[in-house]
Amino acid sequence: MNKRKLLRDYLESIDEDTTKQVTYRVLEIQRESEMSNAEKVRRIKGVIENFSNNED
Amino acid sequence: MKINKIFIKNFKSYYNDNEYDLTVDDNKNVILIIADSGYGKTTLMQAINWVLYDEEYLNRFNKGKGNNKITLENWINSTYIEEIKRQNTYGEIEVSMHFEDDNNKYQITNEYVFSFDNSTIQYESHSHTLKKLANNSSQWTSVKSLESEINKILPKNIVQYFFFDAEKQSRLTDPSNQKLVREAIYNVIGLKTLEEAEENLKQIARDFNKQLSALPLGDFQKKQNRIVKLEESINQDEIELKDIQSEIEEIEEYIIDIERKLIDIPDSSNIQEEIDTLKKEKSQLISEKDSLENNIANSNFLLTPTFLESDLYNLKTALNNLKNEGKIPGSINTKLIDEILMAKTCICGADLEKNEGKKAHIEQLKKRIAQQSEDSYKLLEIFVQIGSYIETTDFNSLKRKHNDYIKGVDSLENGIVQIETKIKELSENLGDLDNKEIKELKEKKDELDIGLKKNIEVKGSIAQRKESNEKELEQFRDELGGLALKNKQAQKLRKMIDLTRKVEHELNQIFHDFAEQIKRTISTTTESSWNSLVETTRRLNFEIDDDYKFKVTNNYGSNAINDLSEGQKQGLVLAFVSAISKASDTFPPYIIDMPFGRLGESPQTEVAKLLPKSCKQLILLLNKPEYNEITKKYLQPKSKKTYTLTFDSNKRKTIIN
């Protein structure tokens with residue numbers, strides 16, 4: 001078991017679960033080392049907004 | 001990851017251009033850098049960190065140093081700085097490294113160009129670049145996302161476990177240092193990323209909340225609740241109005257019914273009036289009757305000698321007969337006339353007495369009789385005339401009148417009786433009416449009138465309230481119409497806040513789940529690596545306990561961590577590092593500063609034997625005493641290159657030999 005496998009397993013467990021989908025996207029954005037934190041916040045906000053809208 | 005070459009220029013003790021060839025192969029996977037303290041062997045490790053992570057490494061390096069933080073200027077070779085200042089020209093500090101990972105080749109360079117302005121350093125330019133020669137390509141390309149690429153190859157948060165000071169790292173085995181173990185595991189799962197993510201999510205939730213607070217919703221919810229209440233109240237009022245209207249109509253019908261009954265039942269006042277009228281009529285009738293009775297009395301007086309009637313007829317007839325027969329005496333004596341007159345008086349005396357005209361007529365006749373008594377015929381005629389008069393006029397008339405009087409009296413008496421009967425009936429009715437139904441009905445009607453009035457008042461009050469509520473409702477609806485859009489935005493924001501918090505919670509959950517799994521994996525892998533690296537530990541069991549402490553037990557289950565030799569401990573550290581490498585799916589070289597430190601001879605042998613086995617590329621930074629006969633025996637055969645560093649104290653620069 002290593003971190004990548006854990007993430008892979010997590011990815012497989014996501015399915016239709018919005019919270020998990022957003023969480024995974026947040027982690028992806030957060031791991032973007034080239035991106036400024038302000039940009040990360042902006043993008044995470046966008047993801048949350050999109051998923052919230054899609055839930056309607 | 002394998003490091004092939006590194007070029008160091010004006011970095012700390014490395015003056016101008018310097019180069020290390022760090023290439024290894026499977027058989028000879030060790031690079032030895034041997035130098036006295038301060039000659040630049042640790043600087044090599046720092047240069048590798050700096051070229052990979054630039055400023056971030058400098059920050060990490062300064063962590064916990066308080067006010068003694070160093071700057072990049074402190075890392076520029078001091079001899080070189082003096083030259084630049086003296087020459088008043090541009091200088092550069094640069095480290096480049098060639099390495100490979102996953103069959104890809106990389107060239108990374110970190111370079112700052114600087115100058116001095118009155119002893120103050122000015123950075124003119126900075127270049128941190130990464131070039132990549134992909135496995136299936138023959139062309140070098142610039143990697144745009146350098147940090148991201150490097151972090152995939154060797155994450156900055158775990159590099160410290162592979163490039164390390166052995167003495168410091170050995171503290172991992174200290175049971176009181178579970179913080180280091182926990183930190184290592186947390187770093188493997190990317191604690192910082194998760195922490196930053198959580199922090200960002202908190203920030204985002206705060207931002208959303210701010211936006212939500214900024215929405216001029218006012219008391220939208222209150223208004224909405226008020227609308228619901230108003231609607232309920234209006235509906236309730238409508239029901240109440242209907243009910244009360246029905247009740248009013250019912251009362252009105254009841255009142256109408258009572259009024260009808262009251263109309264149907266004769267009014268006592270009318271009855272009394274009728275009685276009074278009847279009484280008057282009766283009185284009048286009585287008066288008439290009295291008058292008639294008086295007349296009757298009079299006529300009775302006149303008619304009393306009715307027995308004379310036949311006599312008078314007889315007389316008249318006899319006279320007529322005598323006259324016709326011519327047997328009337330030539331002279332009619334006065335006696336007869338008096339008798340006749342007496343009879344006449346008896347017959348109609350009273351009338352004659354009362355009727356002056358008749359009386360006068362009779363007296364005139366008497367005189368004429370007296371005057372013409374000699375003329376018997378004439379007298380007889382007068383006499384007959386009197387008889388005729390009596391017969392035709394007064395008597396018959398009197399008789400008829402008398403009869404009429406009697407009839408009139410009878411009729412009046414009947415009328416009076418009828419009136420009395422009627423009065424009696426009416427009086428009885430009046431007596432019945434006064435105390436019962438009318439009273440009850442009137443009382444009931446009064447009661448109903450009061451009830452009706454009250455109901456009408458209540459109806460008015462409800463209608464007024466309903467109207468007021470309807471106005472308020474309309475006003476609220478208008479206001480809500482304007483707020484609806486904002487409320488929609490608010491709902492959206494609330495959903496986003498909710499989702500943000502859920503994600504934050506999920507991250508926290510992931511973190512703990514991952515930490516637990518990674519701890520278990522690292523624990524198991526460390527044990528197997530340790531047992532594999534150090535043969536003498538095969539009877540020992542290792543685990544990282546719930547408190548993130550290293551726990552070593554012997555076959556009897558007793559705690560044995562304090563019984564470990566230095567070599568066993570160093571082996572445990574390497575096994576742990578190896579486990580971290582596997583858990584993080586990262587396989588960098590190990591760069592170990594002073595791996596033997598203050599180890600005694602025996603552990604030196606143990607460690608020297610296990611080190612080359614611990615990884616695919618091992619760069620050992622040794623001080624001269626560490627590279628002794630014991631360590632040399634095991635390391636030299638595995639060593640691809642051995643560098644000995646000397647130091648030019650005049651130029652304050654490292655010399656690579």
Side-chain angles (χ1 to χ4, degrees), chain A, chain B residues 53 56 143-152 155-156 158 188-190 192-201 203-205 207-208 491-507 509-510 513-515 517-518 520-522 524-525 579-586:
Chain A
M1 179 66 66
N2 61 37
K3 186 181 164 186
R4 281 183 199 178
K5 183 157 187 335
L6 279 174
L7 285 172
R8 262 203 312 278
D9 290 350
Y10 185 72
L11 186 59
E12 282 168 12
S13 76
I14 286 172
D15 294 329
E16 298 298 312
D17 187 322
T18 303
T19 305
K20 288 188 173 187
Q21 287 181 38
V22 178
T23 305
Y24 192 79
R25 287 285 299 120
V26 167
L27 280 174
E28 275 186 336
I29 293 166
Q30 204 60 51
R31 289 171 67 192
E32 289 286 343
S33 49
E34 294 289 295
M35 206 182 286
S36 71
N37 199 50
E39 177 64 10
K40 285 177 189 172
V41 169
R42 199 187 63 76
R43 285 185 58 182
I44 292 170
K45 269 186 186 174
V47 170
I48 288 168
E49 195 172 345
N50 284 341
F51 274 89
S52 290
N53 289 341
N54 291 342
E55 268 197 327
D56 289 336
Chain B
Y53 307 107
E56 199 280 327
V143 177
K144 286 182 182 171
S145 52
L146 181 151
E147 268 191 62
S148 175
E149 187 82 8
I150 293 298
N151 267 314
K152 280 179 199 162
K156 59 189 174 190
I158 55 170
V188 169
I189 59 171
K192 205 168 177 207
T193 306
L194 287 164
E195 279 179 341
E196 283 169 0
E198 279 190 42
E199 195 47 54
N200 282 343
L201 287 166
Q203 178 61 47
I204 287 165
D207 288 352
F208 286 153
Q491 281 178 338
K492 196 175 155 189
L493 278 168
R494 283 192 199 102
K495 280 183 79 176
M496 293 199 291
I497 290 166
D498 183 52
L499 183 58
T500 308
R501 286 186 177 144
K502 279 182 184 168
V503 172
E504 195 187 324
H505 180 263
E506 178 71 7
L507 275 175
Q509 191 61 44
I510 290 174
D513 289 351
F514 279 20
Q517 291 188 56
I518 291 287
R520 220 175 299 131
T521 303
I522 288 178
T524 314
T525 316
I580 287 175
S581 170
K582 284 176 186 164
S584 59
D585 209 15
T586 307

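At a 4.5 Å heavy-atom cutoff, the contact between Ile510(B) and chain A is made by side-chain atoms alone. The part of Val26(A) that comes within reach of chain B is its side chain, from C-beta onward, which places non-hydrogen atoms under 4.5 angstrom from that chain. For Ile150(B), no part lies under 4.5 angstrom from a heavy atom of chain A. Only the side chain of Asn151(B) comes within contact range of chain A, judged by heavy atoms closer than 4.5 Å.
Residue-environment remark: NZ (Lys152(B)) stays at or below the threshold of 12 foreign heavy atoms within 6.0 Å.
Options Pro155(B), Ala197(B), Ala579(B) differ in how many heavy-atom pairs under 4.5 Å they form with chain A, and the most are formed by Ala197(B). For chain A, the option among Thr586(B), Thr193(B), Asp585(B) with the highest count of heavy-atom pairs below 4.5 Å is Asp585(B). Put simply, of Ile204(B), Thr500(B), Leu194(B), the one with the most heavy-atom pairs under 4.5 Å next to chain A is Ile204(B).
For Asp207(B), the side chain to side chain donor-acceptor pair (under 3.5 Å) partners at least two apart in sequence or on another chain are Lys45(A), Gln203(B). Residues satisfying the salt bridge (Lys or Arg N to Asp or Glu O under 4.0 Å) test with Asp513(B), not counting sequence neighbours, are none.
Under 4.0 Å is where a charged nitrogen must lie from a carboxylate oxygen, and between Lys502(B) and Asp498(B) at least one such pair does.
Considering Gln30(A), Arg43(A), Lys40(A) in turn, Gln30(A) is the only one that fulfils the side chain to side chain donor-acceptor pair (under 3.5 Å) rule with Asn200(B).
With a 4.5 Å cut-off on side-chain heavy atoms, Glu504(B) and Leu507(B) do not count as touching.
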